[in-house]
Amino acid sequence: MTPLPAPTTAVSGEESVNSFMRNPHARAILERHMPELQSLSSRLTLGGHSLRLVAKTSPALKDEAAIDALFLELSEVPGDDRPAEPIRTASPAAPENYDPEGLPASATVTYPRELHRFERFEVVFAGPQHGNPFTDVTLALQMDTPSGRVEVPGFYDGDGVYRVRFLAENPGLHRFESVSNARSMNGISGEFEVSSAAAGRGPVRVQDRFHFAHADGTRYSPVGTTAYAWTHQGGELEERTLTTLASAPFNKIRMCVFPKSYAFNENEPALYPFVGDPDAGFDLARFDLRYWEHLEHRIAQLDALGIEADIILFHPYDRWGFADMGLQADDRYLRYAVARLAGFANVWWSLANEYDLLPTKTETDWERFASIVQESDPTGHLLSIHNCFDFYDYSREWITHASVQRRDIYKTAEMTDQWRQAWGKPVVIDECAYEGDLDQGWGNITGEEMVRRFWEGAVRGGYVGHGETYLRENDEIWWAKGGELVGSSPARIAFLRKIMEAAPFGLEPVAHDWDIPSAGIPGRYMLFYYGFNQPRFRRFLWDPETEYTVDVIDTWNMTIQRLPGHVTGRFTIDLPGRPYMALRFQAVDQPTT
């Protein structure tokens, strides 16, 4: 539990609001005296300012006496002398016997006997439904695959229907037996055959330490975007988003399970993950199946477009209580979500967007959540966690790749190679800021700067993500709701994606020149990026035993000029003297693009 700046002493008022907000006792006092701080948008705007300044300008505090009363109450909040928070454990187990009167292994079961590699296998049980099967029933398959035994969790899908999903990756015979506390669903066995013919490329995993590939070995370079709440907008706008994505350059999209409440995203969604509504409240022990079917449908549509769904499991932008559901509801939700969605090939897991803005969740919680996801996902999809201010420890074993937000207002992609060295994992800068015209610095960079950050990150061996925050009618801002893209960067990002995918390997940074980032393998392929510099020429001195073709690339105007002849040894390349240029060298005995 975070101590106060000066526990059990007078509050000066010079401390920042943020220094109090991470202490739950102080936070409750501040939100009671200044209700505007209940809004995350307001907390982000006001949190860095001194408590006295925020209090003096608060519409809820009318005079100095009210401010003094607030300070006095804060000074009495206990600090470091509080006992340590107990370690929180997982949800209690379901009843040992859910239907003791049922007949053993008597449920009706359907499943396919043959399927292709990377196809989703699904077993459907017609079982009992008294009480609350969401909380009372446990179901899993013990499955023997050609690569070993795995346990695959199941989930309740309403009307007495239970499902278990498994992404089949290995050709050959698979055998399973069900394990359940419901007698009628326990001990049911079966088998199915997976052919070597592939139904797709399979899930994305880390390859060569800093890069990615599909399970079939196809190299994958993430070129992502963000539309946090696009699946919460209703059919018409969601279909427009899919139409946009069909022609956009993006092969990954960050998206939230829970709806989002924030500036420019105040509309109420049509569906919620749990049964209930904002007025009557939500039953956190019963899932709204219409919502989950809708989410699955959208994930499947993304898969058909060749787009990975980077699923954000928790986030702080909330007015419904989903960001602070309590231990049992959090764990139950995670197990349910992963059991339903892990069978999709195109899923990534992000434990949180901006985990450090969720003050009621501790490092112990995040580590427990990671264990739950890993236990519930036999496919082993990519798994990370995203920051706002403070980086998580991305060297943790369970984290497959770093999913980061810029911490410096200007430098972001420039840090990619340092972060790779520090964590030894792929670096995905999922938020480098957004192209747009909002009032905040994170949402008003130019298209030129967005493209520059993409290139800078690429030649430093990482992957940068896009977002767009232009003010539009009905607050249809891409970063939150989707719709249409209006910025200038997507076309240039598409151009970069082609260059990245045409490289004979994942781009690896090369310490070649002190002032220019570059990537490649000396003697085979080199890519130099000049960013906002504007040289008229550049001198080189290379091994005279190898000849190279030279491409002058205008990354903004999207042109590639192949220079005549070859270069070798000591030579000079003329450049146009404008920013955003790149040079590509390919050894003549290597495949050229």
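- Contact annotation: the side chain of V486 approaches that of Y470 to within less than 4.5 Å [non-hydrogen atoms, C-beta and beyond].
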Before giving the answer on salt bridge (charged side-chain N to carboxylate O under 4.0 Å, His left out), spell out for R165 and E296 the whole-Å C-alpha distance, their side-chain angles and the decisive distance to 0.1 Å. CA-CA 13 Å; R165 291 171 171 166; E296 291 169 0; 2.8 Å; yes
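- A side-chain donor-acceptor contact under 3.5 Å links Y394 to the backbone of S403.
- Salt-bridge check for D430 with K252: passed, with a basic side-chain N closer than 4.0 Å to an acidic carboxylate O.
- Just one of V204, V427, V428, L383 meets the side chain to side chain contact (heavy atoms under 4.5 Å, CB included) condition when paired with H401; it is V428.
- Residues F274 and F322 place their aromatic rings such that the two centres sit under 6.0 Å apart.
- For N267 and Q233, the side-chain atoms include at least one donor-acceptor pair closer than 3.5 Å.
- A 6.0 Å sphere centred on CD of Q421 holds no more than 12 heavy atoms belonging to other residues, nucleotides or ligands.
- The number of heavy atoms from other shown groups lying within 6.0 Å of CG (D159) does not exceed 12.
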Could you go through the side chain to side chain donor-acceptor pair (under 3.5 Å) check for Y336 and R340 one step at a time? CA-CA 6 Å; Y336 189 82; R340 283 200 77 121; 2.9 Å; yes
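- Put simply, CD1 on I372 and CG on D377 are 13.0 Å apart, with the number rounded to the nearest 0.5 Å.
- A distance-only check finds no donor-acceptor pair linking the side chain of D310 to the backbone of M255 [under 3.5 Å].
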Does the pair C432 and M450 meet the rule for a side chain to side chain contact (heavy atoms under 4.5 Å, CB included), with working shown? CA-CA 8 Å; C432 74; M450 173 67 75; 3.7 Å; yes
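- Contact annotation: the side chain of N265 never approaches that of D475 to less than 4.5 Å [non-hydrogen atoms, C-beta and beyond].
- No option in W320, Y272, Y317, Y333 other than Y333 meets the ring-ring contact (aromatic ring centres under 6.0 Å, His included) test with F258.
- E238 and H294 form a side-chain donor-acceptor contact under 3.5 Å, judged by distance and modelled atom types alone.
- For I493 against P249, the heavy-atom pair with the smallest separation is CG2-CG, 4.2 Å.
- Judged by a 6.0 Å distance limit and a 45° cone about the ring axis, K481 is not positioned over the six-membered ring of W230.
- The line from CZ of R290 to CG of L295 is 14.5 Å long, rounded to the nearest 0.5 Å.
- A salt bridge is absent between K260 and E266: the closest approach of a Lys/Arg side-chain nitrogen to an acidic carboxylate oxygen does not fall below 4.0 angstrom.
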Candidate pair R240 and E476, rule salt bridge (charged side-chain N to carboxylate O under 4.0 Å, His left out), full reasoning: CA-CA 11 Å; R240 283 162 45 200; E476 288 184 5; 2.6 Å; yes
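- Using a 3.5 Å distance cut-off with no hydrogens or angles, the side chains of Y355 and N387 do not pair a donor with an acceptor.
- Within the 4.5 Å cutoff, side-chain heavy atoms of E435 are placed close to those of S488.
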Mind running side chain to side chain contact (heavy atoms under 4.5 Å, CB included) on R453 and I445 for me, showing each step along the way? CA-CA 11 Å; R453 294 183 185 195; I445 66 171; 4.2 Å; yes
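- Expressed to the nearest 0.5 Å, how far CG of L289 lies from CZ of F155 amounts to 9.0 Å.
- Between the CG atom in N251 and the OG1 atom in T225 there is a gap of 11.0 Å [rounded to 0.5 Å].
- Taking CD1 from I253 and OH from Y228, the interatomic distance works out to 11.0 Å, rounded to the nearest 0.5 Å.
- In the model, Q405 has no side-chain atom that pairs as donor or acceptor with a side-chain atom of W442 under 3.5 Å.
- Taking both residues in full, the closest heavy atoms of P259 and P269 are given as CB-CG, 3.7 Å, listed atom of the first, atom of the second, then distance.
- In this structure, I429 and T416 have side chains that are in contact, with non-hydrogen atoms separated by less than 4.5 Å.
- You'll find the side chain of I385 reaches within 4.5 Å of the side chain of W398, heavy atoms only.
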Applying side chain to side chain contact (heavy atoms under 4.5 Å, CB included) to H33 and I29, what does each step give before you reach the verdict? CA-CA 6 Å; H33 284 266; I29 293 169; 3.7 Å; yes
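- W349 has its side chain within reach of L313: a pair of non-hydrogen atoms, C-beta onward, lies under 4.5 Å apart.
- No salt bridge links E448 with R492; every basic N to acidic carboxylate O contact stays at or beyond 4.0 Å.
- Between E64 and K56 there is no salt bridge, since none of the side-chain N atoms of the basic residue sits less than 4.0 Å from a carboxylate O of the acidic one.
- We find that E363 and R396 are joined by a salt bridge, their nearest charged nitrogen and carboxylate oxygen being less than 4.0 Å apart.
- Remark: side-chain polar atoms of K425 are not paired, donor with acceptor, to backbone N or O of A422 under 3.5 angstrom.
- Ring pair Y98/H130: centre-to-centre distance below 6.0 Å.
- For the pair R286 and F134, the cation does not sit on the ring face, since its NZ or CZ is not both under 6.0 Å from the ring centre and inside 45° of the axis.
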Before you tell me yes or no, could you show the steps for D439 and N444 under side chain to side chain contact (heavy atoms under 4.5 Å, CB included), namely the whole-Å CA-CA distance, both residues' side-chain angles and the distance that decides it to 0.1 Å? CA-CA 7 Å; D439 65 321; N444 56 27; 5.8 Å; no
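- Distance check: D330 CG to M325 CE gives 4.5 Å after rounding to the nearest 0.5 Å.
- Taking 4.5 Å as the limit, some side-chain heavy atom of R368 sits within range of a side-chain heavy atom of D331.
- Ion pairing between a basic and an acidic side chain is recognised when a charged N comes within 4.0 Å of a carboxylate O; R420 and D417 show no such pairing.
- Annotation: cation-pi geometry satisfied between K361 and F314 (NZ/CZ under 6.0 angstrom from ring centroid, within 45° of ring axis).
- Using a 4.0 Å cut-off between charged side-chain N and carboxylate O, E456 and R452 make a salt bridge.
- Side-chain atoms of W292 and D157, non-hydrogen and from C-beta on, never get closer than 4.5 Å to each other.
- The two residues L70 and A55 have their closest heavy-atom pair at CD2-CB, 4.4 Å.
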Kindly indicate, with the supporting measurements, whether the criterion salt bridge (charged side-chain N to carboxylate O under 4.0 Å, His left out) is fulfilled by E414 and R460. CA-CA 8 Å; E414 294 83 354; R460 294 180 184 273; over 6 Å; no
Could you walk me through whether E36 and S58 pass the side chain to side chain donor-acceptor pair (under 3.5 Å) test, one step at a time? CA-CA 8 Å; E36 66 266 28; S58 173; 2.8 Å; yes
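- A donor-acceptor contact shorter than 3.5 Å is absent between the side chain of N181 and the backbone of E96.
- Looking only at distances, a side-chain donor or acceptor of D437 sits under 3.5 Å from a matching main-chain atom of L471.
- Between the side chains of R319 and S261, at least one donor N or O lies within less than 3.5 Å of an accepting N or O.
- Annotation: W423 is not in aromatic contact with F210 [ring centroid separation under 6.0 Å not met].
- Counting only N and O atoms by type, the side chains of W479 and E468 include no donor and acceptor under 3.5 Å apart.
- When all heavy atoms of P426 and F212 are compared, the closest pair comes out as CB-CZ, 3.4 Å.
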